[in-house]
Amino acid sequence: MRSELFFILDGAVKTAQAEASLPKVELPPWELTPSKEESHGDYASNVALVSAPYFKMSPRKIAEILVEHLDDTNNMIEKVEIAGPGFINFFIREERWLMELAGIPEAGDDWGRINLGQGEKVQVEFVSANPTGPLHIGHARGAVIGDVIANILASAGYDVWREYYINDAGNQMQTLGRSVFYRYRELGGEKLVFPENCYQGEYVRELAKEIWEREGGKFLSQPEEEAINFFADYSGQKILEGIRADLKAFGVEFDCYFSERELYRQGAVEVLLQELTEKNFIYEEDGSRWFRSTLYGDDKDRVVVRRTGEPTYFAADLAYHLNKLSRGFKKLIDIWGADHHGYVPRIKAGLRALGYKEDTLRVILVQLVNLLRDGVPVAMSTRSGEFVTLREVLDEVGKDAARYNFLMRRSDSHLDFDLEVAKRQSMENPVYYVQYAHARICSILRMAEERGIETTGCIEKSSYRLHLPEERALIKAAVRFPEIVEGAALMLEPHRVTFYLNEVAGLFHSYYNRYRVLGENEEETQARLFLINALRVVFRNGLTLLGVSAPERM
RNA sequence: GGGCGAUUAGCUCAGGUGGAUAGAGCGUUGGCCUCCGAAGCCAAAGGCCCCGGGUUCGAGUCCCGGAUCGCCCA
């Protein structure tokens, strides 16, 4: 609807220019937005205001000319007003709104699906935690945000690929191996001081026990370095299995887990270095090889190969991004913890040096989560082994509440996650507010069926036009859903969907308390059933986008 | 010492990429179940949008400077 109106208004500009009623100059971008206030109609445009300096005319005069040139072929406009400094306010005909509403149940699960992406291949990389321990709550936020961004992009018509990158070539995996190996030796009766820089968590003991039970004490006699390799591989794999299972329970699944070792196996780092060298972006200094990232906005050049001949983590990471692009993805989206923000300029510099456009890679920084219990911070550290795992949170508060909580703030703002609050079934916990709206609608529909009222009718059957202000507001809100998906997809902001759903739920609850859907008047009942049926679709599709269930009873 | 992000109601936060009279929840106070689900609704109170400049028809939003907090790098 908005795009149709936009087309009409844009057409008016062009016609007026063709007729020389307006000067033929290029216009800056202008807007057509849903009006905030009812007296301003349904949609408002600032085109006359924005174009005034370009046309060198007064905004109101421009508005008048544009209004004269509107070609409303489908007869959707009730009236047009020029208001304030020069806004053009559009009032849409009631019939048109009902038509839009009717499109919602018709579209069903596809309501909210748009073709913004036009099938473009996009990769979302997220979580990417090293398998040195179970996922904790800090990872959970990034997991949900990545997952929902992927959902939104898919709904917006992109061809989405979800990937988890495993940094398994570095020494963290060796540390894990050593940690488990030491615990294993303890099981063999050895008294040793467990190193402080090893992983302290209970899961390390469990892995050691597992190996002991399967393999016995045979590694006690092996050289440490050899044994550690086995322990690292075994433990990493086991932990990764656990991570996968936890993520799955959290509603997050990946198309691919990509290993850093695989990257080396393919020689990707060499290819990268060669390419950078050919393009003259590499120089040597102090025995190290440096990449001139400052040429592309980084604040200093970066080492890519150390004196030892070993590529840096940065080199591998850049090679990985190049690898992604070589697989045909047109856009890359990385979800990172905000503590890695310093990394953004250098990776972007690398991609630009290799000839990719600035916006090829978009990095979403996710701020850390403060975990609280009844307002008291819960201390966490992977190394010390003190952390609340994702699994524990899931078991305690459930998937829906956990996910919804992570989606209630912008990614880049700090988030307090209170375990006790997340368990409460009140408005402190808006997930239930939205789910309740859905369940309520389902309940009404059930009741209607029990009473033998037709619930799947079409709006044309009823003479009742849903003309109440509350009904108009609900229709508009429901019709706006695809625009919300579009905005969330463009800005990569999942929280927009969350806020939207809260808003629509609020409108609905309010409406429900004030008016009866199943009332005395049959025509009215039919029309209202039609309305809430459309709302049910909006709630279900919206919640599905968030990976949250839409229960029919609660 | 440099960089990134933040600062909006008592608290936690939204405010499509500059639009008309700044919003929501929690909390506080007072109301609403004989009736489709009270996990809900209605009403009231609550604001120097951190401070100071600038850009323009118009700034919570953009630019510059400063303050405070968080993080990253030296």
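Naming: A, B, ... by sequence-line order, numbering from 1 per chain. No experiment lies behind these values; they were computed from the predicted model shown.
Within the 4.0 angstrom heavy-atom criterion, no nucleotide atom of any strand lies near A/A52. Residue contacts for A/Y512: at a heavy-atom cut-off of 4.0 Å it reaches a base atom on one of the strands shown.
Taking 3.5 Å as the limit, the base of B/G19 and the side chain of A/N46 contain a donor-acceptor pair of atoms between them. Contact annotation: side chain of A/D299 to base of B/G3, donor-acceptor pair absent below 3.5 Å. Scanning atom types as modelled, no donor and acceptor separated by under 3.5 angstrom connect the side chain of A/H341 and the base of B/G5.
Side-chain nitrogen and oxygen atoms of A/Y436 include at least one within less than 4.0 Å of the OP1 or OP2 phosphate oxygen of B/A39. Phosphate proximity of B/C73 to A/K300: absent, as no side-chain N or O sits under 4.0 Å from OP1 or OP2. Phosphate proximity of B/A14 to A/S413: present, with a side-chain N or O under 4.0 Å from OP1 or OP2. Of the side-chain N and O atoms in A/R440, one or more sit less than 4.0 angstrom from OP1 or OP2 of B/A38. The phosphate of B/C41 (OP1 or OP2) has a side-chain N or O of A/Y433 nearer than 4.0 angstrom. For A/Y515, no side-chain nitrogen or oxygen approaches OP1 or OP2 of B/C41 to under 4.0 Å. The shortest distance between the side-chain N/O atoms of A/R496 and the OP1/OP2 oxygens of B/G15 is not below 4.0 Å. Contact annotation: A/S510 side-chain N/O to B/C42 OP1/OP2 distance is under 4.0 Å.
Rounded to the nearest Å, the gap between the C1' atom of B/C50 and that of B/C69 is 11 Å. For the C1' atoms, the distance linking B/A22 with B/G46 amounts to 14 Å, nearest Å. Between B/C11 and B/C51, the distance separating the two P atoms is 15 Å to the nearest Å. When the C1' atom is compared between B/C49 and B/A59, the two are found 11 Å apart, to the nearest whole Å. Comparing the P positions of B/G47 and B/C32 gives an interatomic distance of 28 Å, to the nearest angstrom.
Its glycosidic angle being more than 90° from 0, B/G52 falls on the anti side. Because its glycosidic torsion is within 90° of 0, B/C33 is reported here as syn.
Ionic pairing of A/R373 and A/D418 is not present here: no N-O contact between side-chain nitrogen and carboxylate oxygen is shorter than 4.0 angstrom. Using a cut-off of 4.0 Å between Lys/Arg side-chain N and Asp/Glu carboxylate O, A/D359 and A/K331 are scored as not salt-bridged. Taking 4.0 Å as the cut-off between side-chain N and carboxylate O, A/E471 and A/R528 count as a salt-bridged pair.
B/G10 and B/C26 make up a base pair, with Watson-Crick or G-U wobble contacts both under 3.5 Å. Base pairing annotation: B/G40 forms a Watson-Crick or G-U wobble pair with B/C32, both donor-acceptor distances under 3.5 Å. The pairing partner recorded for B/C69 is B/G5, the criterion being a Watson-Crick or G-U wobble arrangement whose two distances lie under 3.5 angstrom. Of the nucleotides present, B/C57 is the one that pairs with B/G19 by Watson-Crick or G-U wobble criteria, both distances under 3.5 Å. Applying the Watson-Crick and G-U wobble criteria (two distances, each under 3.5 Å), B/C48 pairs with nothing in any strand.
Checked against B/G15, B/A20, B/C42, the side chain of A/A44 finds its nearest nucleotide in B/A20. Relative to the side chain of A/I444, the nucleotides B/G40, B/G37, B/G19 differ in distance, and B/G37 lies closest. For A/L49, the side-chain atoms get nearest to B/C57 when compared with the rest of B/G5, B/C57, B/U12.
Relative ring orientation between A/W97 and A/Y43 is described as parallel, the plane-to-plane angle staying below 30° on a 0-90° scale split at 30° and 60°.
Note that A/R346 lies in the cation-pi zone of A/Y343, set by a 6.0 Å cut-off to the ring centre and a 45° limit from the axis.
Within a 6.0 Å radius of CD in A/E285, other residues, nucleotides and ligands contribute more than 12 heavy atoms.
Donor-acceptor pairing under 3.5 Å is lacking for the side chains of A/N167 and A/Q172.
Rounding to whole angstrom units, NE2 of residue A/H495 and P of B/G16 are separated by 9 Å.
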